Amino acid sequence: MLMGGDFFAADVISVARSLIGATLLVDGVGGEIVETEAYDRDDPASHSFPGPTPRNAAMFGPPGHAYVYRSYGIHWCLNFVCGPQGRGAAVLVRALRPSHGLASMGERRGLEEERLLCAGPGRLAQALGVSLTHNGMRLDAAPFALHPASGGVDIVEGPRIGITKAAERPWRFGLAGSRHLSRPFPKPGRLSARCDRPSR
DNA sequence: GGTATGATTGACT
DNA sequence: GTCAATCATACCA
C-alpha cells in the first residue's frame, strides 16, 4: 500500500504525527521516519507565510507532492505538501532510521556511522539523493515510495528546531526513544528551570 | 544596485 | 561552546 493524495489532504499537524513510523524510500533507499515538523500558512516560520513565490510554488500545489528547497545555500531539505490544494502547508522530514540501501547512503554521505546517515533534514536529503529535481514530484510514484507504519508508535512532540519565529509552537514530532533523531526532545513534565534567560 | 538572513552542518576552541 | 560555508530570497535605496 502506498500513501498518496488522500492521506496528505488532511490537516498538516495530524499528517506530521501520522508520518512517524512510516517508511520512506527514494529509489529504494531510505528507512523509517522518526522525526517531522509541520509548517502551515499563517505560520511566520513557514516558507509559505509571505505567499506564493517561484521557490515555494510546490507548497501551494496539490497535496501528496514533494517540496524541496535549498537550505543555507548548501543543503537540500525534503517536505511533503499537505492540506487542500493552495493551503501552503507542508511537513519537513527531519530524520529517518536507515533500513534500506545503507551502502548507497554511506557512499553519498561519505560516512559509515549509521546513526548519522539521516539524522537531520540536510543529511537525510543527501543520503537519499534528494535535490531540486524532486521538487513537485508526486509521492505515490517512482522514485518515491511511502508505506504507513505497521503498528502503533509512541510519539513525542516539542518545539521546532532552528527557527526564530513562532518558535514556541510544538509542531515537531518524533518517535519516542529513537536514537536516530536530529536532536533529543526536551524532557516533558517539568517546567523549564531556566525560564529567566531568553534562549535566543 | 547592495545587504542581511536562514526549516543546516561540520570543524574547531 | 563558537563559527564559516554558500546562495536564493527579501528588503531597501
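Within every chain, numbering begins at 1; the chains are lettered A, B, ... in the order of the sequence lines, protein sequences first and strands thereafter. Being a predicted model, the structure only gives us computed values, none of them experimental. Computed from heavy atoms alone, side chains included, the values below leave out hydrogens, waters and symmetry copies.
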Would you mind reading off the distance between [X] atom [atom1] and [N] atom [atom2], rounded to a whole angstrom?
{"X": "A/L111", "N": "B/dA11", "atom1": "CG", "atom2": "C1'", "result": "14 Å"}
{"X": "A/L132", "N": "C/dT9", "atom1": "CG", "atom2": "C1'", "result": "14 Å"}
{"X": "A/R169", "N": "B/dA7", "atom1": "CZ", "atom2": "C1'", "result": "14 Å"}
{"X": "A/N56", "N": "B/dG6", "atom1": "CG", "atom2": "C1'", "result": "15 Å"}
{"X": "A/D43", "N": "B/dG6", "atom1": "CG", "atom2": "P", "result": "15 Å"}
{"X": "A/N135", "N": "C/dT9", "atom1": "CG", "atom2": "C1'", "result": "15 Å"}
{"X": "A/E35", "N": "B/dA7", "atom1": "CD", "atom2": "P", "result": "15 Å"}
{"X": "A/R183", "N": "B/dG10", "atom1": "CZ", "atom2": "P", "result": "14 Å"}

Sequence neighbours excluded, every pair satisfying salt bridge (Lys or Arg N to Asp or Glu O under 4.0 Å) that has a member inside residues 47-68 of chain A: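 As it turns out, there is no salt bridge (Lys or Arg N to Asp or Glu O under 4.0 Å) pair with a partner in residues 47-68 of chain A once direct neighbours are skipped.
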Row check, A/F60 ring normal vs A/R41 NZ/CZ: under 6.0 Å, within 45°: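 No, A/R41 and A/F60 do not form such a contact.
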Base, sugar-phosphate, or nothing: which does [X] touch, judged by heavy atoms less than 4.0 Å apart?
{"X": "A/S182", "answer": "nothing"}
{"X": "A/R55", "answer": "sugar-phosphate"}
{"X": "A/R172", "answer": "nothing"}

A/Q85, CD: over 12 other non-hydrogen atoms inside 6.0 angstrom: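 Yes, the 6.0 Å shell around CD holds more than 12 heavy atoms from other groups.
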Distance between P atoms of B/dA4 and C/dA4 (Å, rounded):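 Those two atoms are separated by 15 Å.
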Gap between atom CD1 of A/I13 and atom CD of A/E37 - 0.5 Å precision: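 So the CD of A/E37 and the CD1 of A/I13 are separated by 10.5 Å.
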From A/L78 atom CG to A/L92 atom CG, the distance as rounded to the nearest 0.5 Å: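 The distance works out to 8.0 Å.
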Side-chain N,O (A/R160) to OP1/OP2 (B/dG6) below 4.0 Å: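 Answer no for this pair, as no side-chain N or O of A/R160 is under 4.0 Å from OP1 or OP2.
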Check: A/F144 and A/L24 side chains under 4.5 Å, non-hydrogen atoms: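 Side-chain contact under 4.5 Å: yes.
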For C/dT2, the Watson-Crick or wobble partner whose two distances fall under 3.5 Å: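 Base partner found: B/dA11.
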Residues from residues 65-99 of chain A lying under 4.0 Å of DNA chain C - heavy atoms: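 Hits under 4.0 Å, by residue number: A/Y72, A/G73, A/I74.
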Qualifying residue, where the test is side chain to side chain donor-acceptor pair (under 3.5 Å) with A/R97 and the options are A/E114, A/H180, A/E32: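 Output: one option passes, namely A/E32.
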